[in-house]
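Every chain is numbered from 1 and lettered A, B, ... according to where its sequence line falls, protein lines coming before strand lines.
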Protein chains: 2
Amino acid sequence: MSVALKPTRREEIVTAAGELFSKRGFHGTSMRDLGKHIDLRGSSLYAHFASKDDLLWAIVDGAARAFVAAADAVAPELKPTAKLTALIEAHLRVIGSELPYATVFFNDWSHLSDTRKQHLIAMRDDYQRRFADVIAAGAALGEFGAVDVDLATLVVLSALNYSYQWLDPDGRLGHAELAAAIAGQLIGGLRDPQTSIALTPTSTARAK
Amino acid sequence: MSVALKPTRREEIVTAAGELFSKRGFHGTSMRDLGKHIDLRGSSLYAHFASKDDLLWAIVDGAARAFVAAADAVAPELKPTAKLTALIEAHLRVIGSELPYATVFFNDWSHLSDTRKQHLIAMRDDYQRRFADVIAAGAALGEFGAVDVDLATLVVLSALNYSYQWLDPDGRLGHAELAAAIAGQLIGGLRDPQTSIALTPTSTARAK
DNA sequence: CCTACCGATCGGTAGG
DNA sequence: CCTACCGATCGGTAGG
């Protein structure tokens, strides 16, 4: 919440950690490396975080909460198409506006301690259900076709999540245009999923 | 190619590294850890690989080649819709059949040495172009709508790539069904992208 | 492929 | 927030 002016030392640490972890990975960054970036001894970081895992958790949990908060801000009374559009826009906004944190979130969540990993998975399942519910409602109302809701949800969220790899806040398209185009494409796929074309049996050989 | 019987020691190492790196990450796995899993001292691994980076490269380059080989096996004369379906199926087949390698490919490619990273990015750009070309051809022929080709390509490949996180070779759906459903959804989005709905200005507050 | 070893570095603590 | 330090471990090499 308080971000703009006079970041606390703790915030400074989290910001720097977000940048370093996102570039070199959690295990590829040492506490000493991190300290150097904010003129602090590595050992002094432990006055603010009891462990490296706690620091990772600050980032990952913060990102998870940002996703939930953005989805919470979507008007609940919207019809499925409009609601899914808003959810997609919100999701992309969080990724785009907090790219280093989003990168750490997606790349390094698996290196959290077991308890926290479980906690995070529960949060993710909840979050995912919001998308699934909207897609199911859209299918029920005829706004979307008769899709496999769980699979369709995974496809939509996959397309959104992987965008942390290529989203460019300073890119050719502004956020609104980008989000609208992506939402349009993903929702088009829900409205009119194509029935499968018989696949020619391509190479049956395993590639390796 | 030679996989079924009597793996060489080198293959054994790569297989074990694929499993460990995919679980704990490249920097989270030590050469000694790896050695233990195949009854070898960590130092003995250096008789087969000159460096840990070489070992990561064996995995990542192998996965990259598998993607290219699978795409090469797609009949070139197919019309855009059928061709894109086949490309999607091929991409998912590589991920699903080599899940640990695919996981390392997507999670740890950024930890390669700079030269190799550059090499890999060039391969990826080539590979990506195959998808972009088919989508552009489809748009030109009217099989697809007038999409932003580069963006539409990123959305399709993002949806496919992130699937390494949840694809389950022993899951509810078989590979063919799964691939057909995913391809149907993604191609539906290219055929009939929805024009954007005016977005209500949801929370303008940054989430963090 | 092993033993023995290198210098460097790791996450973290004690005690101020 | 620092100095000094802990035991453990890292990637990698020498020499067989």
Summarise protein proximity over nucleotides 3-15 of chain D in one line of letters, 5' to 3': B for base, S for sugar-phosphate only, - for none, counting protein heavy atoms closer than 4.0 Å. BB-----BBBB--
Which dot-bracket string fits DNA chain D when only Watson-Crick or G-U wobble pairs with both atom distances under 3.5 Å count, crossing pairs get [ ], and | stands for a partner on a different strand? ||||||||||||||||
Would you mind checking if B/Asp125 and B/Arg129 are paired as a salt bridge, meaning a charged N to carboxylate O distance below 4.0 Å? no
Please tabulate, for side-chain N and O atoms in residues 31-45 of chain B, each donor-acceptor pair with protein atoms closer than 3.5 Å (sequence neighbours left out).
residue: B/Asp33; atom: OD2; partner: B/Arg24; partner atom: NH1; Å: 3.3
residue: B/His37; atom: ND1; partner: B/Asp33; partner atom: O; Å: 3.1

Validation: residues 159-180 of chain B side-chain donor-acceptor distances under 3.5 Å, sequence neighbours left out:
residue: B/Asn161; atom: OD1; partner: B/His91; partner atom: NE2; Å: 2.7
residue: B/Asn161; atom: ND2; partner: B/Leu157; partner atom: O; Å: 3.3
residue: B/Ser163; atom: OG; partner: B/Leu160; partner atom: O; Å: 2.5
residue: B/Tyr164; atom: OH; partner: B/Asn107; partner atom: OD1; Å: 2.8
residue: B/Trp166; atom: NE1; partner: A/Ser158; partner atom: OG; Å: 2.8
residue: B/Asp168; atom: OD1; partner: B/Asp170; partner atom: N; Å: 2.9
residue: B/Arg172; atom: NH1; partner: A/Asp148; partner atom: OD2; Å: 2.9
residue: B/Arg172; atom: NH2; partner: A/Asp148; partner atom: OD2; Å: 3.3
residue: B/His175; atom: NE2; partner: B/Glu89; partner atom: OE2; Å: 2.7
residue: B/Glu177; atom: OE1; partner: B/Gly174; partner atom: N; Å: 3.1

Can you name the nearest heavy-atom pair linking A/Leu190 to A/Ala152, along with the distance? CD2-CB, 3.7 Å
Between B/Lys83 and B/Asp133, is there a salt bridge with N-O shorter than 4.0 Å? no
State which residues pass ring pair (Phe, Tyr, Trp, His ring centres under 6.0 Å) with B/Tyr46; sequence neighbours excluded, sorted by chain then number. none
Holding to side-chain hydrogen bond (donor to acceptor under 3.5 Å, both in side chains), I want the full list of residues that pass it with B/Asp72, two or more places apart in sequence or in another chain. B/Arg130
